Amino acid sequence: MSLFDVLRFALRALLGEKLRASLSWIGIAMGIASVVVITSVGDGARRFVLEEFGQFGSNLLQVSPGKVETIGVPGVVGGTTHKLSLEDATSLRSIPGITGIAPNVFGQARVEHGERGRSVFVLGTSRDACDMWRIELSGGEFLPEGEARAALAVLGSKLARELFPDGDALGKFVRAAGWRLRVIGVASPRGQVLGWDFDDVAYVPVASALDMFGREELHEIDVSFSHAELADEVVASIRTRLSERHDGREDFTLVTQGAMLEMFDRVLGALTLGVAALGGVSLLVGAVGVLTILWISVGERTQEIGLARALGASAGTILTLFLAEATLLSMAGGLAGLVGGLACTTLASWLWPSLPLAPSFGYALAALATSAIVGLIAGVAPAVRAAALDPVEALRAE
Amino acid sequence: MIELTGLSRRYVLGGETIRALDAIDETIRSGEHLAVMGPSGSGKSTLLNVIGCLDRPTSGSYRLDGREVAGLADHDLARLRRREIGYVFQAFHLIPRMTALENVELGMLFDGVARNERRERAVAALERVGMGARAHHRPGELSGGERQRAAIARAVVMRPRILLADEPTGNLDQASGRAVLELLDALHEQGLTVIVVTHDPGVARRAQRVLVLRDGRIVRRMPAVELRSLDEALAGAVP
Ligand SMILES: Nc1ncnc2c1ncn2[C@@H]1O[C@H](COP(=O)(O)OP(=O)(O)OP(=O)(O)O)[C@@H](O)[C@H]1O
Ligand SMILES: [Mg+2]
């Protein structure tokens, strides 16, 4: 019997019992659909985050004040907590392997030029930030070397456009927080990255920013280093250096970009696995459904099986026919689930265009294959039962 | 040619052995038209099933055209059933969800005959039994006689050499029964070995020869023309 004929025969038999068959494939469909949706959400999120991170330089780490990993609340358990000072930041420059230091302070301020003004993020940083964050300039240059106070500013493209609608901002002066700043550079448009609008900012020297906002401490220090392999070494050196400066206490937190990505990946992985497991459970339920339906079907079609034997079907042919039925039944569920899942993700990305969704062809194929295999396995017991029927008794069955 | 030697089919039920067939010795010529009679439970269906390779003898020998069949594997028996043997049942056994045509195609389907050829041959077979116009009807839309004619078309579409019919007219009225019997006669005329199990002496008399079974044994062999009733045949049997 040819494979085509086997499949046709099985399909006809299934179509003869649509309602009952549908009961069993719905379980499979739900399993596959949930797997499709979740993997596309997970994949989309992962891709999104990787892309966003990719917009920064690589080999970055961040030092922030306070220790989040320890149990004690900083500043409560014993003594004073040292914040991160500008001197802390500059002291890191001498650590081998470190290629850039960006001591950062930020705050909201109104930046004005003539009649025009705009409330934006003012970011105090150093020249190194330019490379670290891959800031490109459409004109002028970035902040000068060193951490010295200076009345200078680099404007984001949108801010520049708003303040200087008809042309060149370079060399002009803007006012912010009581300072009169000379515009030395304008950044190229970039858009939002990880929720941060790079175009609506003003960069100023860090020391100036500390003054503007009346602060003593930095919000964070971004550090770049030359090779990924140096990460551990650089982290250790920074830890030693800062602890020394802070009376031997580690009251700051170090996070490398790699560790951040890794953590994100772990969370996402756990989430995906969890939902995949849920999908698996629903597949299992579907499989039990397929098994049950087919088992009942074998009972009801005993005479038909006996007849098939009398007409010359071997036990092997009967086995094949029922396995084909189980596989088709399950694949129908798989296909329905695939279509349903893709419909869901399409609808979702239509309703919320910013949602990062990436339905993957590979996953879809894997889902179909999984449903086929699940069906095949679920079909074994009923198919073996059908094939083992004694033809004479099967024919005599009621 | 069918040669049965010491052929037995026993069932063990609750420690008790039932001899459905008990040491049968019989030879059935190719092209013979044979009727099998006997009281209920005498082993007629069992005999037919063994000859039809649907059941295996517990002991003894069954040679089909000189070839020992008793020890063949399931796969080989299935091929014999497909190609050498046609079955007609009292209960018709048509698959309800399939049209008459599709039912007739079944045997060819299992034999791997290509679809177009299947269709052609099935249509021709249905036409030969006068069912051409009913080819696309499902069994539920056919009368008993029509169903049995479709079943006969199905039994012979593979051009078997043996046609086995177990009470083929048992569920039919007189007229439909006669039509079915005429078909069987015609098939015999074309050279098929036809074996009919029946309770009806009228049916048996259309055969050439009658075997009478009792308790799994052949108790009488007689020319069909001499048969008057089962009781009389049994009365004249060797004890
Ligand atoms: N599967 C089985 N298990 C036990 N005994 C069986 C089985 N099949 C048949 N028998 C017994 O074998 C004997 C012969 O049965 P068979 O069906 O051949 O009789 P029959 O002559 O065809 O009867 P009927 O005219 O009623 O159809 C009977 O006694 C029956 O009870
Ligand atoms: Mg019987």
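By convention in this document, chain letters (A, B, ...) are assigned in the order of the sequence lines, proteins followed by strands, and residues within each chain are numbered from 1. Only heavy atoms go into these numbers, but all of them, side chains included; no hydrogens, no water, no symmetry mates. Everything numeric in this text was worked out from a predicted model, so none of it was measured.
Of all heavy-atom pairs between B:Y87 and A:A310, the closest is CD1-O, 3.7 Å. Of all the heavy atoms in A:S314 and B:D74, the pair that sits closest is CB-OD2, 3.5 Å.
When atom types are taken as modelled, the side chain of B:R79 and the backbone of A:G312 share no donor-acceptor pair closer than 3.5 angstrom. Within the 3.5 Å criterion, the main-chain N or O of A:R309 finds a donor-acceptor partner in the side chain of B:R81.
Both the sub-6.0 Å distance and the 45° axial angle are satisfied by B:R97 relative to the ring of A:F9.
Looking at B:R118, the atoms closer than 4.5 Å to chain A (heavy atoms on both sides) all sit in the side chain, from C-beta outward. Interface remark: A:L321 contributes side-chain atoms only to the contact with chain B (heavy atom separation under 4.5 Å). For chain A, the nearby part of B:R115 is the side chain; its heavy atoms alone come within less than 4.5 Å.
Counting non-hydrogen atoms of neighbouring residues, nucleotides and ligands closer than 6.0 angstrom, the CE atom of A:M30 reaches no more than 12 such neighbours. The number of heavy atoms from other shown groups lying within 6.0 Å of CG (B:D111) is above 12.
In this structure, the side chains of B:R154 and A:L307 come closer than 4.5 Å at one or more pairs of heavy atoms. At least one side-chain heavy atom of B:L54 sits less than 4.5 Å from a side-chain heavy atom of A:L395.
Taken to the nearest 0.5 Å, the CD atom of A:Q303 stands 9.5 Å off from the CZ atom of B:F89.
Ranked by heavy-atom pairs shorter than 4.5 Å toward chain A, the options B:L106, B:L94, B:L109 are led by B:L109.
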